[in-house]
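Numbered from 1 within each chain, the chains take letters A, B, ... in sequence-line order.
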Protein chains: 2
Amino acid sequence: MSTAGQPSAAGPAPRPRTTGPLPRAAAGDSGLRTIRLCLLGFGSVARAFCALLAQQERVLAERHGLRVLVTAAGTRQGSLLEPQGMTPAAVLAAVGERPAPPLAARPAGELLSASRADVLVELTVMEEDFAPVATGHIETAFGMGMDVVTANKGPIAWNWRRVSAAATVAGRRIRFESTVMDGLPVFSLLELTLPDCRLLGFEAVFNATTNYIIDAMGIGRSFDEALAHVQAEGYAEADPVHDIDGWDAACKAAALANVAMDAGITPADISRQSLRDVPLQRIARARSNGNRLRLVTTVWREESGRVRGRVRAKELDIDHPLAPVGSESLGAILHTDLMGDVFVCEIAGLVPQTAYGVYADLLHLCRAR
Amino acid sequence: MSTAGQPSAAGPAPRPRTTGPLPRAAAGDSGLRTIRLCLLGFGSVARAFCALLAQQERVLAERHGLRVLVTAAGTRQGSLLEPQGMTPAAVLAAVGERPAPPLAARPAGELLSASRADVLVELTVMEEDFAPVATGHIETAFGMGMDVVTANKGPIAWNWRRVSAAATVAGRRIRFESTVMDGLPVFSLLELTLPDCRLLGFEAVFNATTNYIIDAMGIGRSFDEALAHVQAEGYAEADPVHDIDGWDAACKAAALANVAMDAGITPADISRQSLRDVPLQRIARARSNGNRLRLVTTVWREESGRVRGRVRAKELDIDHPLAPVGSESLGAILHTDLMGDVFVCEIAGLVPQTAYGVYADLLHLCRAR
C-alpha cells in the first residue's frame, strides 16, 4: 500500500487519444491487454484498490499480460473522466486529499457511457433498502457490455435474481467477493476450490463492529463507551444502526444464501436481534463462564426447500470455532454435502483486505473475458 | 457414501475392447470424455474415493462431460487390471471386503504400463523416509504421459523439487490437496482464490490424533489410555509414532512450504517436539487457565530467505483461532502479503473429506487436460 498517492514513475506513457469506439481490451503496442475501469464510489476502498493496482502494476503486466487503466471515476460529489485512460496512480494523484474526484459530478449513466470501460467497479456505500441506485448502476453497465465487480452488498442481498438475470441477458459477468467477508474468499472458495459441493447452510460471525463492542463490554465498558470507541477508530459507520441492529449481518447472510443456495431471499427475511437488546450481564456471564458471546448468523434450508436465517446473540463454548472471532475478525462455518464443515476466517480484516477482494475479482473477470 | 460396494445399475455398459493404444480421454459414443484411472493403494481413502465417484456418476457426466473408469488398481497384496475400464462401483464390488484387489500382486510399473491410464491416483501410505516408492510411482506415471493425483504427502514433503521437475520435463501435472488438511482447500485456496498473494508463513494445527490425546489428557486420562482410545477409534496408525513425535505435522509443514513458499526443505529440517515430552500437568494447567494446549506447527522465512519451521506444544489463549482446533479438526493460519491472515479449518475431517480432496483434484486436472 506504500505507493498510495504516488504516481508510479514506471507507469506507461499515455496512449494517443483515438477517435471512434475504443477497441475493448485490445492488446496495445506493448503487447499488454488493456482493461479500462469505471469506478463508481471513491471512498477508502476505492482508494486502497487504486493503490493496490499501482503497487501491482508490474505483476499485472508480467504475470497476467494486463494493463489496467481508469477511464472514469465518480461519486455524488465529483468525477474524473479520461476515456484514453489514466493509471490508477495518476487517479490517486488527481484526487489527492479531496473527498471526491475533482471535476463536477455527473449522472452515473452519463459517466458510464462516456467511460467506454470494460469493467464497472461499483464501490458505492450500501443504501438503506433495496439498493436501487447501485442495482441501477450494475444494470446500466451490463447494458453497455461491461462486466462488474462490486463490494456493495446491497444489489446481491436485495436484488440478486434481478441482477443475475440482467447479467445472463447481457452475456456479462459480475463478481462480489468483498461483499460478505471483506475480501476473504468465500464465493470463490465455493466456486473454485469445492467443485460439486452444495452449500447446505452456514453459521457465521459477519460483523466486526458488534464483536468489538461485545468484547469491550465483556471487560467492563458500557455499550455507549464501546460504541464511541469503535466509531472513533473508524470501524463503525457514523450511524452504526446497520451493525448494531444486525442489518449488516442479515445483508451478508442474504447475499451468500442467494448466490450459493439459490435462496431468493432479502435481508428482510432474516430475523434479527439487536445488540442493544443483549444485556451487559449476559456478555459478562459468558466471559466468566470461560465462553464468548457472539452475534451469530445462522442460515439453513427447511425440509420444504425454503431457506431461513436468523441473527442472534449466542453464548459460544470456548471449543466452538466462532468463539475466538472477535474485534476485527469475521468467520463462517460452511456446511457442505461432500466436504463436511469448512471454516474460513479473516483474522484482521480492514480496508486493504476489501480492496484485495476487488482486485482478485477483477483478475477472475479478466481471465474469463 | 451410501453406494459403496453396490454396483450402480445406471453404470455405462462396458465398452468393446479395442486393440492398439487406447485413445487418451477420447469422447466415447455417449459424447462423454472418458478418463481412465490407475489406483495405487487400496485402503480406506481409495475405497471412499471409488464410492464418491460412483455416487457422483451423473454429476460427472452431466456437469463435467466426464466418464471416469478405473483400468487398474494395485497394492503390494493384490491387483485388478481391466484396460477397457471398470466403473468405480464395479471395482468396489470386485474387491468387496478383501484387504486388497483380488488378482495376484504385480509390480507397480507393470500395472501402470498395462493400465494405459490418463491419471495415476497415488493413495499408498507414506513410507518412513524420503518416500522412494511413491515418488517412483509418480515419476513412472509422468514418463508414461499420465497426470497424477496423490494423497500421499511423502513425495511432496521429501521430494518436491524432484517431483515438480519430473512433471515439467514430462509436461504433466500433479495435484495433492489431501496431503496436508484431509482435502480441505489449502493448495487450491492459495492457487485459485488468492491470486498474486505470496504465502509468507503459516501457523497450524496439523495433526488430529495429538489434538485428541491432548484433550483427553486435559480431562484426566493418561497418555496411554488416550492413545489406546484413539487407536481403537481408528484415528491413529497402529504405530502412532508419526503422529505423537510430530513427524506427521513436519511432513505437512514441509509439503506446504515446498509448494507454496518454494522452501526446498524436507521434514527433517523442521524441528519437532514429541507429545511424549509434554507433561500432563502442562496440559491440565492450560485447561485450568481457560486456555488450550496444542501441538502448533510454525513456518516462517528468515531474512536470509531460508524457510524455517518447528512443531511445538504451545498454550493458546482462548481468543487464538487455533485454540478450538481439537480432536477431529485441523486448522492453518496462512500469513499472506496482500490479504493478511487467512484462517482455514476443517471441523471434522475423516476419510470422506480426504477422498473428496482427491475427487476435487481429479476435476481440476480434467479441466486442465
Side-chain angles (χ1 to χ4, degrees), chain A residues 1 52 55-56 59-60 63-64 177 182-189 191-197 215 290-292 316-329 331 333 335-336 338-350 352-353 355-357 359-360 362-364 367, chain B residues 52 55-56 59-60 63-64 177 182-197 215 290-292 316-329 331 333 335-336 338-350 352-353 355-357 359-360 362-364 367:
Chain A
M1 302 292 135
L52 181 58
Q55 176 190 310
Q56 295 293 103
V59 170
L60 287 164
R63 192 176 301 162
H64 305 287
E177 192 68 274
D182 295 344
L184 185 83
V186 53
F187 293 108
S188 62
L189 183 88
E191 176 194 351
L192 302 175
T193 74
L194 294 169
D196 294 343
C197 274
D215 285 347
N291 297 331
R292 291 289 180 268
L316 301 180
D317 187 87
I318 171 176
D319 291 316
H320 193 292
L322 292 172
V325 179
S327 293
E328 298 168 6
S329 296
I333 303 169
H335 307 305
T336 76
L338 301 183
M339 187 54 209
D341 288 349
V342 173
F343 178 49
V344 279
C345 174
E346 178 193 44
I347 291 178
L350 291 164
Q353 280 71 38
Y356 173 76
Y359 174 87
L362 179 64
L363 284 179
H364 290 307
R367 226 170 271 164
Chain B
L52 181 58
Q55 176 191 311
Q56 296 292 103
V59 170
L60 287 164
R63 193 175 300 162
H64 305 287
E177 193 68 273
D182 295 344
L184 185 81
V186 52
F187 293 109
S188 61
L189 183 86
L190 288 163
E191 177 194 352
L192 302 176
T193 74
L194 294 170
D196 295 341
C197 274
D215 285 347
N291 298 331
R292 291 291 180 265
L316 301 179
D317 186 87
I318 171 177
D319 291 316
H320 193 292
L322 292 171
V325 179
S327 292
E328 298 168 6
S329 296
I333 302 169
H335 308 305
T336 76
L338 301 183
M339 187 53 211
D341 289 350
V342 172
F343 178 50
V344 279
C345 174
E346 178 193 45
I347 290 176
L350 291 165
Q353 280 72 36
Y356 172 76
Y359 174 88
L362 179 64
L363 284 180
H364 289 306
R367 226 169 270 165

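Side-chain contact between Asp196(A) and Tyr359(B): present, with at least one pair of heavy atoms (C-beta onward) separated by less than 4.5 Å. By the 4.5 Å heavy-atom criterion applied to side chains, Asp319(A) and Arg292(B) are counted as neighbours.
When heavy atoms are compared at a cutoff of 4.5 Å, Leu363(A) approaches chain B solely by way of its side chain, counted from C-beta outward. For a residue to count as touching a neighbouring chain, one of its non-hydrogen atoms must lie under 4.5 Å from one of that chain's; by this rule Val344(A) touches chain B with backbone and side chain alike. Looking at Leu322(A), there are no atoms closer than 4.5 Å to chain B (heavy atoms on both sides), in backbone or side chain. With a 4.5 Å cut-off on non-hydrogen atoms, Val342(B) touches chain A through its backbone and its side chain both. For Asp182(A), the part sitting under 4.5 Å from any heavy atom of chain B is the backbone (N, CA, C, O) and nothing else.
Of all heavy-atom pairs between Ile347(A) and Pro321(B), the closest is CD1-CG, 3.7 Å. In this structure, Gln55(A) and Leu338(B) approach most closely via the heavy-atom pair NE2-CD2, 3.5 Å. Between Tyr356(B) and Leu194(A) the shortest heavy-atom distance is OH-C, 2.8 Å.
Counting heavy-atom pairs under 4.5 Å between each of Pro185(A), Ser188(A), Cys345(A) and chain B puts Cys345(A) at the top. The residue among Met339(A), Gln56(A), Arg63(A), His320(A) with the most heavy atom pairs within less than 4.5 Å of chain B is Met339(A). Listed options Asp317(B), Val59(B), Leu184(B), Asn291(B) were ranked by heavy-atom pairs under 4.5 angstrom with chain A; first place goes to Leu184(B). Of the listed residues (Ile333(B), Leu189(B), Leu192(B)), the greatest number of heavy-atom pairs within a distance under 4.5 Å of chain A belongs to Leu192(B). Heavy-atom pairs under 4.5 Å with chain B were tallied for Gly357(A), Cys197(A), Gly331(A); the largest tally goes to Cys197(A).
His364(B) NE2 to Thr193(A) OG1: the interatomic distance, rounded to the nearest 0.5 Å, is 6.5 Å.
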